[in-house]
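Reckoned from all heavy atoms, side chains included, excluding hydrogens, waters and symmetry mates. Numbering of ligands and ligand atoms starts at 1, following listing order. Count residues from 1 along the sequence.
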Amino acid sequence: MSDLFSLHGQVALITGASRGLGLAMATAMAEAGALVVLNGREPATLEAAAKTLRARGLKADIAAFDVSDFAACERHIAAIAQKHGRLDCVVLNAGINHRRPLLEWETEDFLRVLNINLTGCFVLAREAARVMIPAERGRIIFTGSVMGIVARPTVHAYAAAKAGLAGMGKTLAVELAPHGITVNTICPGFFDTEMNTTLTQNPQFDAFVKSRCPLGRWAQPEELGGAAVFLASHAGSYVTGHMLVVDGGLTINM
Ligand SMILES: NC(=O)c1ccc[n+]([C@@H]2O[C@H](COP(=O)([O-])OP(=O)(O)OC[C@H]3O[C@@H](n4cnc5c(N)ncnc54)[C@H](OP(=O)(O)O)[C@@H]3O)[C@@H](O)[C@H]2O)c1
């Protein structure tokens with residue numbers, strides 16, 4: 001059974017892995033045996049996270065770059081593949097949110113969110129595919145959101161990007177399937193991370209999440225690790241173009 005979920009011998013890049021959901025998924029994947037390459041913008045933060053993993057006997061490296069610097073995305077994918085001799089999986093997870101009533105949105109902010117949350121994922125997926133196609137195997141995983149499925153006010157660019165990832169996940173899945181590459185989108189619900197600090201500390205919003213979600217609570221970041229290991233491992237070998245919703249039942253609740 002454990003072999004089914006094993007990532008031993010594999011190399012995985014996880015973007016936005018300095019903290020939060022990215023670090024939780026990277027930790028679970030490292031525990032499953034992968035060498036995980038942690039991405040974020042600050043080398044010192046990444047090195048501290050990698051050191052914590054290594055202290056536990058896990059394999060971790062870092063690749064510091066901004067995912068909206070598209071030339072850097074290209075350079076780093078090639079460098080990771082060259083340094084480690086392979087690249088089996090990319091978890092394209094780095095993301096930001098920007099919340100404003102519609103009439104207060106600056107177009108520049110809309111484009112900034114799209115560049116980080118969507119276009120960077122496209123560039124990284126394309127560059128990863130360049131490495132994976134000759135290997136005839138690979139796993140591309142996007143972190144989408146329930147906000148790409150259902151709606152709340154103010155998060156216009158975020159919702160556009162997350163719905164975009166889900167759509168692009170399907171076009172990539174059909175195009176890359178002949179090369180043995182699967183492409184899936186994990187759609188988390190409400191997780192207790194830094195991105196949501198203002199929401200978890202807002203009693204009204206906290207009560208909304210707890211009443212709206214059938215499991216009656218916020219999720220902890222570690223609760224996303226299993227989904228990433230499943231999609232990256234042999235257990236997920238026939239799953240592609242899928243949106244894996246991890247939301248405590250939020251989106252199926254009337
Ligand atoms: N938390 C939730 O409830 C939830 C729900 C649905 C989806 N998501 C999605 O899950 C992903 C992770 O969210 P989180 O909650 O873990 O957020 P978080 O705690 O704010 O972490 C965001 C991560 O993204 C990195 N990052 C931000 N901008 C970046 C850039 N331009 N280039 C490279 N890295 C960048 C950050 O690293 P540095 O700041 O160190 O660079 C950090 O590691 C996001 O895509 C988010 O949309 C979260």
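Using a 4.0 angstrom heavy-atom cutoff, Gly120 does not count as in contact with ligand 1. Contact analysis puts Lys162 in contact with ligand 1, with a non-hydrogen atom separation below 4.0 angstrom. For the pair Ala219 and ligand 1, no heavy-atom separation below 4.0 Å is found. Heavy-atom separations between Thr143 and ligand 1 include at least one value shorter than 4.0 Å. Under a 4.0 angstrom heavy-atom cut-off, Phe65 registers as being in contact with ligand 1. The shortest separation from a heavy atom of Asn196 to ligand 1 is under 4.0 Å, placing the residue in contact.
Side-chain contact between Tyr158 and Ser145 is present, with at least one heavy-atom pair separated by less than 4.5 Å. In this structure, Met147 and Asn97 have side chains that are not in contact, with every pair of non-hydrogen atoms separated by 4.5 Å or more. You'll find the side chain of Val36 stays beyond 4.5 Å of the side chain of Met25, heavy atoms only. At least one side-chain heavy atom of Arg139 sits less than 4.5 Å from a side-chain heavy atom of Ser237.
In this structure, Glu106 does not pair ionically with Arg100, as no charged nitrogen and carboxylate oxygen lie closer than 4.0 Å. With respect to the salt-bridge test (charged N to carboxylate O, under 4.0 angstrom), the residues Arg54 and Glu47 qualify.
A tilted orientation is assigned to the rings of Phe230 and Phe5, their planes being inclined by 30° to 60°. Using the six-membered ring where Trp is involved, Phe65 and His76 have ring planes that are parallel, under 30° apart on the 30 and 60° scheme.
The contact set between ligand 1 and Gly189, taken as ligand atoms under 4.0 Å from a residue heavy atom, comprises 2 (C), 3 (O), 4 (C), 5 (C), 6 (C). Close contacts of ligand 1 with Ile96, meaning ligand atoms under 4.0 Å from a residue heavy atom, involve 27 (C), 28 (N). The contact set between ligand 1 and Ala17, taken as ligand atoms under 4.0 Å from a residue heavy atom, comprises 43 (O). Taking every non-hydrogen atom of Asn93 and a distance limit under 4.0 Å, the qualifying atoms of ligand 1 come out as 10 (O), 11 (C), 12 (C), 44 (C), 45 (O). Short contacts between ligand 1 and Ile116, defined as distances under 4.0 Å to a heavy atom of the residue, involve ligand atoms 31 (N). Within the listing of ligand 1, atoms 6 (C), 7 (C) sit less than 4.0 angstrom from a heavy atom of Ser145. The Asn39 neighbourhood of ligand 1 comprises atoms 33 (C), 34 (N), with distances under 4.0 Å to a heavy atom of that residue. Against a heavy-atom cut-off of under 4.0 Å, Glu194 is close to the following atoms of ligand 1: 19 (O).
Of all protein heavy atoms, the one closest to atom 43 (O) of ligand 1 is Ser18 OG, 2.7 Å. Looking from atom 20 (O) of ligand 1 to the surrounding protein, the closest heavy atom is Arg19 NH2, 3.2 Å. The protein atom (non-hydrogen) at minimum distance from atom 13 (O) of ligand 1 is Met195 CE, 4.0 Å. Of the protein's heavy atoms, Gly16 CA, 3.5 Å lies nearest to atom 25 (C) of ligand 1. Of the protein's non-hydrogen atoms, Ala94 CB, 3.6 Å is the one closest to atom 34 (N) of ligand 1. Nearest protein heavy-atom contact of atom 48 (C) of ligand 1 is Leu21 CD1, 3.5 Å.
Note: an N/O pair closer than 3.5 Å links Asp66 and ligand 1 by distance alone. Between Val67 and ligand 1, a contact under 3.5 Å exists for at least one N or O pair.
Within 6.0 Å of CD in Gln220 there are more than 12 heavy atoms belonging to other residues, nucleotides or ligands. Heavy-atom neighbours of His234 NE2 from other residues, nucleotides or ligands within 6.0 Å: at or below the threshold of 12. More than 12 heavy atoms of other residues, nucleotides or ligands lie within 6.0 Å of CD in Glu222, so this atom counts as buried by the packing criterion.
When each of Val239, Asn184, Leu231 is paired with Leu244, the side-chain contact (heavy atoms from CB on, under 4.5 Å) condition holds for Leu231 and for no other.
Atom 47 (O) of ligand 1 has its nearest heavy-atom neighbour, among Phe190, Phe191, Tyr158, in Tyr158. When the heavy-atom distances from atom 15 (O) of ligand 1 to Leu224, Leu23, Thr193 are ranked, the shortest goes to Thr193. Which of Arg41, Glu42, Met25, Arg112 comes nearest to atom 39 (O) of ligand 1 through a heavy atom is settled by distance: it is Arg41. Taking each of Ser68, Pro188, Gly40 in turn, the one with a heavy atom nearest to atom 6 (C) of ligand 1 proves to be Pro188.
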Check the pair Met132, Leu176 against side chain to side chain contact (heavy atoms under 4.5 Å, CB included), reporting the backbone distance first and the verdict last.
-> CA-CA 10 Å; Met132 291 170 179; Leu176 295 175; over 6 Å; no

Please assess Thr143 against Asn93 for the test side chain to side chain donor-acceptor pair (under 3.5 Å), listing each intermediate value before the final yes or no.
-> CA-CA 5 Å; Thr143 303; Asn93 164 81; 2.9 Å; yes

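The line from CD of Gln10 to NZ of Lys59 is 11.0 Å long, rounded to the nearest 0.5 Å.
Heavy atoms of Asn97 found under 4.0 angstrom from ligand 1: none, in either backbone or side chain.
Arg212 pairs by the salt bridge (charged side-chain N to carboxylate O under 4.0 Å, His left out) definition with nothing, not counting sequence neighbours.
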